[in-house]
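A, B, ... follow the sequence lines: proteins, then strands. Residue 1 opens every chain.
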Protein chains: 2
Amino acid sequence: MTRTRDPEGGIRVAVSTVILTLRRDADGAPRISLPLVRRIRDPHRDAWALPGGWLDVAESLEEAAGRTLAETTGLAPSYLEQLYAFGAVHRSPTRVVSVVYWALLRSDAVDAQSAAYRATGAAPENVDWFDAAGLPSLAFDHARIIDYALWRLRNKVGYSRVAHGFLPPEFTLAELREAYEAILGRRLDPANFRRQVESAGSLVPTESFRTGSHRPARLYRSNTDVELADRGPLAPEETRTS
Amino acid sequence: MTRTRDPEGGIRVAVSTVILTLRRDADGAPRISLPLVRRIRDPHRDAWALPGGWLDVAESLEEAAGRTLAETTGLAPSYLEQLYAFGAVHRSPTRVVSVVYWALLRSDAVDAQSAAYRATGAAPENVDWFDAAGLPSLAFDHARIIDYALWRLRNKVGYSRVAHGFLPPEFTLAELREAYEAILGRRLDPANFRRQVESAGSLVPTESFRTGSHRPARLYRSNTDVELADRGPLAPEETRTS
DNA sequence: ACAAAAGTGTTCATGTTACACCCATGC
DNA sequence: GCATGGGTGTAACATGAACACTTTTGT
């Protein structure tokens with residue numbers, strides 16, 4: 001903001017979002033899954049790309065992320081965080097700076113919305129869900145952006161409660177552990193996992209139990225006194241759709 | 001990138017940088033210090049602001065950060081990382097999305113450059129250095145941006161080698177510890193600090209010693225095999241000025 | 001000799017990992 | 001009854017904080 005030359009060089013600002021959820025595969029194991037949008041115009045026509053769009057003058061970055069998220073999935077995220085601003089000169093034929101967010105969706109909400117779309121036949125067009133481990137070839141630098149989002153998720157799960165963003169309000173410890181295992185890509189010891197999350201103080205036990213197989217498992221709630229992740233001094237105006 | 005309406009709403013992209021270094025105060029204790037620029041036009045004329053400028057069509061975000069950094073300090077950073085993209089609608093009278101970076105400068109390089117400026121009388125105008133703990137009132141949302149940068153630095157120092165970015169190629173463990181202490185704002189046990197950084201494998205002992213007071217202290221080098229911080233899958237094109 | 005910083009050793013508390021074991025349910 | 005996941009106990013090990021102690025210099 002100290003330069004004198006004309007700033008307007010035809011740089012456009014786009015906002016895209018890496019939307020993540022857990023879906024169970026054929027074996028019943030949860031996998032990280034995300035929606036992609038098939039592009040209907042050049043560049044990269046017909047290629048799969050991250051949901052996103054141009055930033056509107058009247059909306060904040062986070063509002064734009066929430067908007068395209070709703071347009072793509074019909075849902076509001078359980079967690080939304082800015083990932084990175086990508087601005088390499090040649091990442092698109094025209095000059096575009098993409099501010100990318102990443103979001104978590106509750107898997108039960110995704111399933112319910114999918115069922116509703118099937119019932120009404122009103123699903124968004126050109127949107128499909130993909131297993132994060134088996135993505136098609138993607139437009140622009142979106143493959144690397146997704147890699148980075150998954151890396152951030154794997155890191156963040158170690159020092160925050162973001163994994164709760166995948167789960168409904170009540171869940172068993174096995175379900176929470178399965179979420180961690182899907183994110184980290186490795187099995188966790190159930191006994192040690194229990195003690196770690198219990199001592200973290202982020203869980204509130206309920207008096208309900210999930211029955212149906214073997215010994216019933218106690219249901220827990222997320223402790224809503226604590227945010228899913230510490231955003232530091234980033235005040236609500238910048239981190240909330242408000 | 002899926003929307004149909006006209007994208008061009010007069011949104012401009014600025015790049016600013018929180019430039020951090022260590023300077024010794026009157027007592028000889030190192031303090032985090034940063035350069036600010038006095039604004040010469042509205043909005044916020046005469047207020048202090050972060051160094052920055054409009055993003056040029058032909059330069060990447062990181063190049064823009066490096067450029068304003070050089071314009072402000074005459075130096076290249078020892079560490080440079082994107083901090084956050086700020087895009088609240090009313091953070092400026094006109095619509096501006098600011099992609100903010102944070103950078104570390106070696107304190108010896110800053111001192112040398114200051115001396116050179118004094119010798120030649122060619123110092124950049126309207127630039128002054130401030131102790132991070134005693135900042136004046138700032139333009140826009142820049143005070144909060146600096147808070148966030150300092151928070152990020154404090155966090156990152158715990159799981160990376162970023163503190164080395166403040167120091168010359170050779171330094172004593174006491175100097176490294178002083179850097180950590182200035183960042184964290186608390187004293188560290190010299191004995192435990194030594195073992196922790198030694199076992200981290202990021203230090204290479206030399207055969208030289210810093211003499212002059214009491215028992216000579218061994219000089220160390222940073223292990224250049226490892227980056228100052230793990231940037232994950234963000235490839236060089238996005239993280240380097242190249 | 002003494003002060004002060006460099007550097008080593010030791011102890012205690014805490015957290016992590018591995019794994020043995022008991023518990024409660026569906027079948 | 002027995003298989004299976006839910007849940008508890010425990011020992012081994014790694015990590016970190018606190019602090020006593022030795023070493024080496026300048027004065």
Within the pair Arg218(B) and dA6(C), is there a side-chain N or O less than 4.0 Å away from OP1 or OP2?
-> no
Residue closer to the 5' end of DNA chain C, Ser199(A) versus Glu198(B) (nearest nucleotide) | Glu198(B)
Would a distance-only check, ignoring hydrogens and angles, find a side-chain to backbone donor-acceptor pair under 3.5 Å from Thr172(B) to Arg218(B)?
-> no
Calculate the interatomic distance between Gln196(A) atom CD and dG7(D) atom P; express it in whole Å.
-> 16 Å
Listed once per pair and sorted, the ring-ring contact (aromatic ring centres under 6.0 Å, His included) pairs that draw on residues 187-233 of chain A, sequence neighbours left out | Tyr180(A)-Phe193(A)
Looking only at N and O atoms, is any donor in the side chain of Arg215(B) or the base of dA5(C) less than 3.5 Å from an acceptor on the other one?
-> no
Checking Thr68(B) side chain against Ala65(B) main chain: does a donor-acceptor pair fall under 3.5 Å?
-> yes
Measuring from Trp102(A):CH2 to Leu69(A):CG, what's the distance to the nearest 0.5 Å?
-> 13.0 Å
Where each residue is assigned the nucleotide of DNA chain C containing its nearest heavy atom, which of Ser213(A) and Arg195(A) is assigned the position nearer the 5′ end?
-> Arg195(A)
From the list dT25(C), dT25(D), dG7(C), which nucleotide is the closest neighbour of the side chain of Pro216(A)?
-> dT25(C)
Residue pair His164(A), Tyr79(A): steps toward the ring-ring contact (aromatic ring centres under 6.0 Å, His included) verdict = CA-CA 9 Å; His164(A) 294 246; Tyr79(A) 183 75; over 10 Å; no
note: Phe209(A), atom CZ; dG5(D), atom C1'; distance rounded to Å ~ 14 Å
Nucleotide of dG5(D), dG26(D), dA6(C) approaching His214(A) most closely (side-chain heavy atoms) | dG5(D)
Enclosure of Arg187(A) CZ (heavy-atom neighbours >12, cutoff 6.0 Å) | no
Does a side-chain N-to-carboxylate-O contact under 4.0 Å join Arg161(A) and Glu227(A)?
-> no
Derivation of the side chain to side chain donor-acceptor pair (under 3.5 Å) call for Tyr148(A) and Arg144(A) = CA-CA 6 Å; Tyr148(A) 184 47; Arg144(A) 196 154 58 85; over 6 Å; no
Rounded distance in Å - CZ (Phe171(A)) to P (dG6(D)) = 14 Å
Residues of residues 174-193 of chain A with a heavy atom under 4.0 Å from any atom of DNA chain D, listed by number, are Ala174(A), Arg177(A), Ala191(A)
Taking the side chain from Ser78(A) and the backbone from Leu104(A), do they hold a donor-acceptor pair closer than 3.5 Å?
-> yes
At what angle, to 10 degrees, do the two end axes of the helix from dA1(C)-dT27(D) to dC27(C)-dG1(D) meet, given five pairs define each axis?
-> 10°
What is the distance from CZ of Arg210(B) to C1' of dA6(C), rounded to the nearest Å?
-> 14 Å
